[in-house]
Each structure stands twice: as C-alpha cells, then as structure tokens.
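These notes concern the structure reproduced below.
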Amino acid sequence: MDDDEQMTEVEIDNMFERTQPIGSAINAIAQAELAVAAIEETPPAVQSRLDQVLRDVLGRPGE
C-alpha cells in the first residue's frame, strides 16, 4: 500500500498546500523556458522588423 493510501484526506490536502509553492515555481520555470525558446527561434525577417520597431520607438533610426 502506498503512503498516500494511508493518509487521510485532510493530510493529503495539507501536503498539497505545503508543496504547492514548489509546483508553482517549477511551472514558472517551465513557462520561462518556453518564452526563451520562442524568442530564440524568431525568424531573421521577424527579428529584423522587431529591431526596426525598437529603433523607431527609441528614436534611434539607422542604428
């Protein structure tokens, strides 16, 4: 029999509440990794356009 089968529902709920911040942190890291991967995979034409938009917004044409 597993430990969780010997735990009461209240004990399981308490364990979940104690470990939820860890799960949330892992989820945040996973989401950040996906965001970084999406940025790293930006096609050159799109990156060029984004660079131009940024220059325009910052008032630095031709950099």
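- Evaluated for a side-chain contact (heavy atoms from CB on, under 4.5 Å) with L50, the options V53, V46, L54 yield exactly one hit, V46.
- Taking Q20 as the reference, F16, S24 meet the side-chain contact (heavy atoms from CB on, under 4.5 Å) condition, with sequence neighbours excluded.
- In this model, a donor atom of one side chain and an acceptor atom of the other lie less than 3.5 Å apart for Q52 and R55.
- Pairs engaging residues 25-47 under the side chain to side chain donor-acceptor pair (under 3.5 Å) rule: Q47-D51 [sequence neighbours left out].
- Here the CD1-CG distance, from I39 to L34, works out to 11.5 Å after rounding to the nearest 0.5 Å.
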